[in-house]
Amino acid sequence: MVLTIRAELRKLLGLPTARVGVILGVLIAPLLVTVNAPATRESIADGTLGDPTDLGFRNLGIGLLGALILGVVSVSSEYTSTGDDSPGARQLTATLTAVPHRIRLLTAKATALVLVVAAQGLITAAATLALTEVVHGDAVPAPSAARVAGAILYWVLITLLAFAITLIARNGVITLTVLILNSSVVSVSYLLYKVTPLAAYLPDIVGPHMFIRSMDLSVRIPPVTAGLVMTAWVAAFLILAAWLFQRRDT
Amino acid sequence: MIVIDRVCKSKSRTQILREVSFEARPGRVTGFLGPNGAGKTSTLRVLLGLDRAASGTALVNGRPYAGWPRPLTTVGAALDGSGAHRARSARAHLRWVATSNGLPLSRADEVLDLVGLTGDARKRAGKFSLGMSRRLGLAAALLGDPPVLVLDEPVNGLDPAGIRWMRDFLRRSAAEGRTVLLSSHLMGELAEIADDVVVIDKGSVVARGTLAEVTGEHSTLEDAFFALTGEVERPWS
Ligand SMILES: Nc1ncnc2c1ncn2[C@@H]1O[C@H](COP(=O)(O)OP(=O)(O)O)[C@@H](O)[C@H]1O
Ligand SMILES: [Mg+2]
């Protein structure tokens, strides 16, 4: 198992796209803190900011894109065609030939991904919150360690969700489009929330309750409940993905 | 030793393998011969655990492929393409494969040398020609110095020098006592390297035995093949 995890780490970090994901994830959030600093000072001054301790976390949410890329690429790289000469050939053939036990393979793959993304989340959170402190000083009080842990957990869980969806779809473009559109352009989850308050328990809405205090929702979900609900969602998607992967021909 | 026993498989509701049975023995080159679409690749994919059979068993040295904890030290397999992600260098690809089976990283350079790709070790696999991809696939198969080799159409895409090299390599591997199973739709090519021949057509094994047995009273393996498969020679196709 250790061998398989080491191989998966080497494989993931050797991909240029994954490296872009690592770098983007670490850089976006601290960059936003700096770029948005003047606008943020104004809104702190006129009191439109909401809970100021949320500030660093909101910027962190956008850096998530880097982690998403890692989650998607970890799987989609297995399914992309390896060359024009043999359109049907994919890396997955080499992967399963080396590690034919499919559940062991998926476990190692997910573990490698979690290791990379958790480290990335930790570094990014520390950098972003420290920078927020430097830029805004006492205007933005430091958040509790529990909230930081919640943010990193969210970061890891969303990545695993992207991993599972890509495995189900066997295609990275679909996952990236859905997840990016949903988080930036129109949130389908928020539209659903207008129809039924139950939609507040969809993974992308419930997750941020672990660390954001002033959500624009009337439902308030306690952080621990939010964490449990989100974990259950991700576990369900992972189990479905693993079941399909186990049954399917490649 | 490879033992395939009554393997059946369907895809999209058509039966593509019907009770396929044959053996490949150590120290011999076994040629798996059949026209395009006969079921050669499908059989090898079932053997390697990549696809699931509806029924029947496929064993390598007494165990299903997936039952080997570090399979690359028992079986070396090369199917279509190199298996390397196009953005990865040949060496980086071989290194992760070596890591997964607990083999030293130095094996990557050793097998690159064996297949004559040392000069292209740092080149991205996406920039490889068809022949180079086949060599890289073979290099990965050789990482664990396995006693069994399974190769799907190994001479496809190779230039004449490459074909000659492959022929010598396969003969040498069998002479060292390895079990060599290779598929091909090229009868002339197979007749030059195979000790044993298994002929498959439309998902069924139609003949198996030594090269001499399968050729029988026909003057060449090619004649025997057309007699067995009932394929008509169409000069225009
Ligand atoms: N994914 C698939 N869906 C339906 N039919 C398939 C699929 N893959 C292969 N086949 C069919 O299975 C048969 C055997 O194919 P294959 O094993 O690739 O033959 P060979 O390697 O001998 O050329 C062919 O008739 C092919 O059309
Ligand atoms: Mg084939």
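Chain A is the first sequence line, chain B the second, and so forth, proteins listed ahead of strands; every chain is numbered from 1. Computed from a predicted model, the values in this text were never measured in an experiment.
Note on A:L3, A:L9, A:L96: by heavy-atom pairs under 4.5 Å with chain B, the leading option is A:L3. Contact tally against chain B (heavy-atom pairs below 4.5 Å) for A:A89, A:G14, A:A7: the top residue is A:A7. Counting heavy-atom pairs under 4.5 Å between each of B:G102, B:A78, B:A98 and chain A puts B:G102 at the top. Across B:L48, B:V46, B:L105, the residue that shares the most heavy-atom pairs under 4.5 angstrom with chain A is B:L105.
Other residues, nucleotides and ligands contribute more than 12 heavy atoms inside 6.0 Å of the CZ atom of A:F245. Heavy atoms of other residues, nucleotides or ligands lying less than 6.0 angstrom from CZ of A:F237 number 12 at most.
Residue B:L103 does not touch chain A at all, counting heavy-atom pairs closer than 4.5 Å. With a 4.5 angstrom heavy-atom cutoff, B:L50 touches chain A via backbone and side-chain atoms both. Heavy atoms of B:L79 lying under 4.5 Å from chain A belong exclusively to its side chain.
Taking all atoms of both residues into account, the shortest heavy-atom contact from B:P71 to A:P100 is CG-CD, 3.5 Å. Nearest approach of A:P16 to B:A87, heavy atoms of both residues: CD-CB, 3.8 Å.
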What would the table of donor-acceptor pairs between chain A and chain B look like if you include every N and O pair under 3.5 Å, whether backbone or side chain?
from, atom 1, to, atom 2, distance (Å)
A:R10, NE, B:T99, OG1, 3.2
A:K11, O, B:R88, NH1, 2.7
A:K11, O, B:R88, NH2, 3.3
A:S81, O, B:R86, NH1, 3.3
A:D84, OD1, B:R86, NH2, 3.4
A:D85, OD2, B:L130, N, 3.2
A:Q91, OE1, B:R88, NH2, 3.0
A:T97, O, B:Y65, OH, 2.6
A:A98, O, B:N101, ND2, 3.0
A:R102, NH2, B:G49, O, 3.1
A:R102, NH2, B:L50, O, 2.9
A:Q246, O, B:R52, NE, 3.1
A:Q246, O, B:R52, NH2, 2.8
A:D249, OD1, B:R52, N, 2.9
A:D249, OD2, B:K9, NZ, 2.6
A:T250, N, B:L50, O, 3.4
A:T250, N, B:D51, OD1, 3.4
A:T250, O, B:R45, NH2, 3.2
A:T250, OG1, B:R45, NH2, 2.8
A:T250, OG1, B:L50, O, 3.2

